[in-house]
There are 2 protein chains.
Amino acid sequence: MTDPLAPDMFEELCPSGLTPFRLSEHKWSALVLRCLKDGPRRFSELRIPLHRVTPRVLTRTLRSLERDGLISRSAGPGPTRVTYALTGLGRSILVPLAAVCDWTAAHFEDLIDARERYEGAPAVQARSVG
Amino acid sequence: MTDPLAPDMFEELCPSGLTPFRLSEHKWSALVLRCLKDGPRRFSELRIPLHRVTPRVLTRTLRSLERDGLISRSAGPGPTRVTYALTGLGRSILVPLAAVCDWTAAHFEDLIDARERYEGAPAVQARSVG
DNA sequence: CGGCATCCGAAGCGATACTG
DNA sequence: CAGTATCGCTTCGGATGCCG
């Protein structure tokens, strides 16, 4: 029907052994990045839009983003002066991220409809048309 | 420093209670979608670029994509005639997906460098600059 | 305020083995 | 060929509690 799959199909998405593409391992990473688009934010401030996510989860998400160079952590004097901000790299990912978000918004109804249709569909074993 | 975070920041990425944005729950979803861009593929054919992923994992990935209306499953007569193909919805997501893939390719070195720098950096407790 | 320690349950990945 | 069944392992997410 079509040409065989190219052997480099894997490298295309997972260059040099990077984890296969998922945008992120962490549930909240994309949202955190978007929350930082207007400037630095504090730890407790970031918890709000994340539905009061527990500190443990937010900490691990932030460490992961920091490890990949997408955000930076700044701790000033005093206990209330820790802020997180986008790096240049982190800012650059907002563009493709927005493309995916726009897609989700545009096709949201389609996704919901597909799920509802799938729930009411016959099971896998009975789906053969042969 | 900046305006308070908008309360609808969550809805922006996770409309109506959808799982917080991760592009997919499944590790291989994005790669499967791209493997189907040139036409329908068979089950065993899809396993190749996924590093010989086990059938169980591939099955769940395909069911998930089918549930969301991104791919369709066709079973013809005979045991070797099951194919998977992109739906119109699935084809439409290739565009924003490509944007993210291009970003990864363009900033791959930055990501690797950041991780290496992070590994050699002092631990969290010692990173205060105050 | 900005975390960390501990515990728990759920989910995903992967290997092995088996089936129509 | 295209899956399913079972298992073990790891990771994530969330709750609770404590600390400087």
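Protein chains get the first letters and strands the later ones, always in sequence-line order, with residue 1 at the start of each.
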Toward the 5' end of DNA chain D, by each residue's nearest nucleotide, Arg52(A) or Glu25(A) = Glu25(A)

Given DNA chain D, 5'-ward residue of the pair Leu62(B) and Arg60(A), judged by closest heavy atom =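 The 5'-side residue here is Leu62(B).
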
Would you indicate what Ser44(A) reaches in the nucleic acid, counting non-hydrogen atoms under 4.0 angstrom: base, sugar-phosphate, or nothing?
->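 If one applies the 4.0 Å heavy-atom cut-off, Ser44(A) turns out to touch the sugar-phosphate alone, with no base involved.
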
How close or far is atom [atom2] of [N] from atom [atom1] of [X], stated in whole angstroms?
X        : N       : atom1 : atom2 : value
Trp28(B) : dG12(C) : CH2   : C1'   : 12 Å
Leu65(A) : dC12(D) : CG    : P     : 13 Å
Phe21(A) : dG12(C) : CZ    : C1'   : 18 Å
Glu45(A) : dG2(C)  : CD    : P     : 9 Å
His51(B) : dC13(C) : NE2   : C1'   : 15 Å
Leu31(A) : dG13(D) : CG    : C1'   : 15 Å
Phe43(B) : dG3(D)  : CZ    : P     : 6 Å
Arg22(B) : dC13(C) : CZ    : C1'   : 14 Å

Hey, what do you get for SG (Cys14(A)) to NZ (Lys27(B)), rounding to the nearest 0.5 Å?
-> 8.5 Å

Separation of Ile93(A) CD1 from Arg34(A) CZ (nearest 0.5 Å) |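 Here the interatomic distance stands at 11.5 Å.
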
[X] side-chain proximity, nearest of [options]:
X        : options                  : answer
Lys27(B) : dG14(C), dG3(C), dG12(C) : dG14(C)
Thr54(B) : dG3(D), dG14(C), dC4(C)  : dG14(C)
Arg63(B) : dG14(C), dG3(C), dT4(D)  : dT4(D)
Val57(B) : dG14(C), dG14(D), dG3(C) : dG14(C)
His26(A) : dG3(C), dG14(C), dG13(D) : dG13(D)
Arg42(A) : dC13(C), dG14(D), dC1(C) : dC1(C)

Tyr84(B) side chain near dG3(D) phosphate (N/O to OP1/OP2, under 4.0 Å) |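 Checking dG3(D) against Tyr84(B), a side-chain N or O does come within under 4.0 Å of OP1 or OP2.
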
OP1 or OP2 of dG3(C) less than 4.0 angstrom from a side-chain nitrogen or oxygen of Arg73(A), does that happen here?
-> yes

More 5' along DNA chain C: Pro55(A) or Pro55(B), using each one's nearest nucleotide?
->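 Comparing both residues, the 5'-ward one is Pro55(A).
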
Is the shortest heavy-atom distance from the side chain of Trp28(B) to the side chain of Leu62(B) under 4.5 Å?
->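 Trp28(B) vs Leu62(B): side chains apart.
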
Validation row: Leu65(A), Leu33(A) side chains within 4.5 angstrom (heavy atoms) |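 Side-chain contact under 4.5 Å: yes.
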
Taking Ser29(B) for its side chain and Glu25(B) for its backbone only, find out whether a donor-acceptor pair lies under 3.5 Å.
-> no

Please work out whether the ring planes of Phe43(A) and Tyr84(A) are parallel, tilted or perpendicular, with thresholds of 30° and 60°.
-> tilted

On a plain distance test, is the side chain of Arg56(A) in donor-acceptor contact with the base of dG14(D) below 3.5 Å?
->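 Yes, a donor-acceptor pair under 3.5 Å.
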
